[in-house]
Participant: 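My questions will all concern the structure given below.
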Amino acid sequence: MKNLKIINHPLVEHYLSIMRDKNTGQTEFKNSLDKVSYFLAAEAYSSAGLENKAVNTPFKKINGKKIKDKIIILPILRAGLGLTQGFIDLYPEAITSHIGIYRDEESLKPVKYYFRFPKFKDKSDLNVIILDPMIATGGSVIFTIEYLLNMGIRKIRVASLLCAPEGIDAINNRFNKSEKRFIEIITCALDERLNEKGYIVPGLGDAGDRMFGT
Ligand code: PRP
Ligand code: URA
């Protein structure tokens, strides 16, 4: 997929390896996730539109910049909550919205149970960043992207830790060329495959359980 950006950074690889280790406990897992969330946030925010803003430096007046887009971060409950720290810390003006989706354990199909999003008349400068650490079958992310496209949102980023090739193919096949112009997936690694239970291999197990200790 053209719009797939894999972050290549030694610190991301370092913390991702800590998270992949089955012996890493909840605290260290969450600390590592918090660190990686800053790299994802920096990359996801790189698409933000700017406008001019006059700035008086101690020496002269210059044309500075300020963020023009209305940025909305949209964690998919519950594991998406684990990625919020870097996003909020780097740009506290971002609005945090929530969508609740879980995968039915038998069918692996996404089930929506919650959605809270502010109302905007003008959606032209909305920039929505979906947070979901794992793109496995792709069902949860596809469902969320469809929802946003139907609402008229035209700038959609997905920030994830790990993707399975099956999930990326599913996203690629679900959306047509003109829809894909509005979508970008940012991830830290593209793993090997999904296993028969829909887990990413090698992966890190159940992201929600590991970060929340359930
Ligand atoms: C996990 C994960 C993703 C989803 C990915 O959520 O957090 O949202 O699975 O799988 P998919 O690409 O096949 O849709 P889960 O259903 O385990 O819920 P949780 O976040 O509440 O743990
Ligand atoms: N959700 C997870 O938390 N882990 C996986 O490997 C797949 C989906």
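Since this is a predicted model, take the numbers as computed values, not measurements. In each ligand, atom 1 is the first atom listed, and ligand 1 is the first ligand listed. We use all heavy atoms of the structure for the numbers below, so side chains are in, but hydrogens, waters and symmetry mates are not.
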Participant: Below 4.0 angstrom, counting only protein heavy atoms, does anything approach atom 6 (O) of ligand 1?
Facilitator: no
Participant: Check this for me, if you would: do Arg78 and Asp209 make a salt bridge, where the nitrogen-to-carboxylate-oxygen distance has to be below 4.0 angstrom?
Facilitator: yes
Participant: Looking only at distances, please establish whether an N/O atom of ligand 2 is found under 3.5 Å from an N/O atom of Met134.
Facilitator: no
Participant: Flag Ala136 as yes when one of its N or O atoms lies below 3.5 Å from any N or O atom of ligand 1, and as no otherwise.
Facilitator: yes
Participant: Which residue supplies the protein heavy atom nearest to atom 20 (O) of ligand 1, what is that atom called, and how far is it?
Facilitator: Ala79 N, 3.0 Å
Participant: For atom 13 (O) of ligand 1, what's the nearest protein heavy-atom neighbour? Residue, atom name and distance, please.
Facilitator: Thr137 OG1, 2.5 Å
Participant: What I want to find out is whether Arg103 reaches Asp206 closely enough, with some N-O distance under 4.0 Å, to be called a salt bridge.
Facilitator: no
Participant: Using distance alone, decide if ligand 1 has a nitrogen or oxygen within less than 3.5 Å of any nitrogen or oxygen in Ile101.
Facilitator: no
Participant: With the threshold set at under 4.0 angstrom, would you say Leu108 reaches ligand 1 through any of its heavy atoms?
Facilitator: no
Participant: Quick one: does atom 1 (C) of ligand 1 have a protein heavy atom under 4.0 Å from it?
Facilitator: no
Participant: Between ligand 2 and Arg210, can you find any atom pair, the residue atom being a heavy atom, that is separated by under 4.0 Å?
Facilitator: no
Participant: In Å, rounded to the nearest 0.5 Å, how long is the span from CD1 of Ile156 to CG of Asn3?
Facilitator: 11.5 Å
Participant: Going by heavy atoms, is Ala164 under 4.0 Å from ligand 2?
Facilitator: no
Participant: If the threshold is 4.0 Å, N to carboxylate O, is there a salt bridge linking Asp104 and Lys109?
Facilitator: no
Participant: With heavy-atom distances below 4.0 Å as the criterion, list the atoms of ligand 1 near Met134.
Facilitator: 3 (C), 5 (C)
Participant: Shared ILVMFWY cluster between Leu108 and Ile76, side chains joined below 4.5 angstrom?
Facilitator: no
Participant: Give the minimum heavy-atom separation between Gln26 and Met211, together with the two atoms involved.
Facilitator: NE2-O, 3.3 Å
Participant: Judging by distance only, is a nitrogen or oxygen of Arg78 under 3.5 angstrom from one on ligand 1?
Facilitator: yes
Participant: Verify the cluster assignment for Ile73 and Ile145: are they in a single hydrophobic cluster under the rule of side-chain heavy atoms below 4.5 Å apart?
Facilitator: no
Participant: Report, in ascending order of atom number, the atoms of ligand 2 lying under 4.0 Å from any heavy atom of Gly198.
Facilitator: 7 (C)
Participant: Does a side-chain N-to-carboxylate-O contact under 4.0 Å join Lys30 and Asp34?
Facilitator: yes
Participant: Write down the atom of Ile185, the atom of Ile168, and the distance for their closest heavy-atom approach.
Facilitator: CG2-CD1, 4.3 Å
Participant: Can you tell me which residue and heavy atom of the protein come closest to atom 4 (C) of ligand 1, and the distance to 0.1 Å?
Facilitator: Ser140 OG, 3.6 Å
Participant: Can you list the ligand 2 atoms lying under 4.0 Å from a non-hydrogen atom of Ala207?
Facilitator: 2 (C), 3 (O)
Participant: Within a distance under 4.0 Å of any heavy atom of Gly138, pick out the atoms of ligand 1 and give their elements.
Facilitator: 11 (P), 12 (O), 13 (O)
Participant: Ligand 1 versus Asp132, non-hydrogen atoms closer than 4.0 Å: side chain, backbone, both, neither?
Facilitator: side chain
Participant: If hydrophobic clusters are built by linking Ile, Leu, Val, Met, Phe, Trp and Tyr wherever their side-chain heavy atoms come under 4.5 Å apart, do Ile7 and Ile200 end up in the same one?
Facilitator: yes
Participant: Can you list the steps and then say if Tyr45 with Phe87 is a ring-ring contact (aromatic ring centres under 6.0 Å, His included)?
Facilitator: CA-CA 9 Å; Tyr45 286 150; Phe87 285 82; 5.6 Å; yes
Participant: Measure the distance from atom 4 (N) of ligand 2 to every protein heavy atom, then report the residue, atom name and distance (to 0.1 Å) of the closest one.
Facilitator: Gly205 O, 2.8 Å
Participant: Could you find the nearest protein heavy atom to atom 17 (O) of ligand 1 and give me its residue, atom name and distance?
Facilitator: Asp206 OD2, 4.0 Å
Participant: Please check whether Ile200 reaches ligand 2 - meaning an N/O of the residue sits under 3.5 Å from an N/O of the ligand, judged on distance alone.
Facilitator: yes
Participant: Any side-chain heavy atom of Phe117 sitting closer than 4.5 Å to one from His98?
Facilitator: no
Participant: Taking 4.0 Å as the limit for heavy-atom contacts, which would you say applies to Ala136 with ligand 2: side chain only, backbone only, both, or neither?
Facilitator: side chain
Participant: Write out the residue and atom name of the closest protein heavy atom to atom 16 (O) of ligand 1, then the distance separating them to 0.1 Å.
Facilitator: Arg103 N, 2.8 Å
Participant: For Gly167, state whether at least one heavy atom is located under 4.0 Å from any atom of ligand 1.
Facilitator: no
Participant: Any non-hydrogen side-chain atom of Pro75 less than 4.5 Å from a side-chain atom of Leu83?
Facilitator: no
Participant: Could you find the nearest protein heavy atom to atom 8 (C) of ligand 2 and give me its residue, atom name and distance?
Facilitator: Arg103 NH2, 3.5 Å
Participant: Mark yes when over 12 heavy atoms from residues, nucleotides or ligands other than Glu93 sit less than 6.0 Å from its CD; otherwise mark no.
Facilitator: yes
Participant: Identify the closest protein heavy atom to atom 5 (C) of ligand 2: which residue and atom is it, and at what distance?
Facilitator: Tyr199 CD2, 3.5 Å
Participant: Spell out, yes or no, whether Val111 and Phe115 are grouped together once hydrophobic residues are joined by side-chain heavy atoms under 4.5 Å, including indirect joins.
Facilitator: no
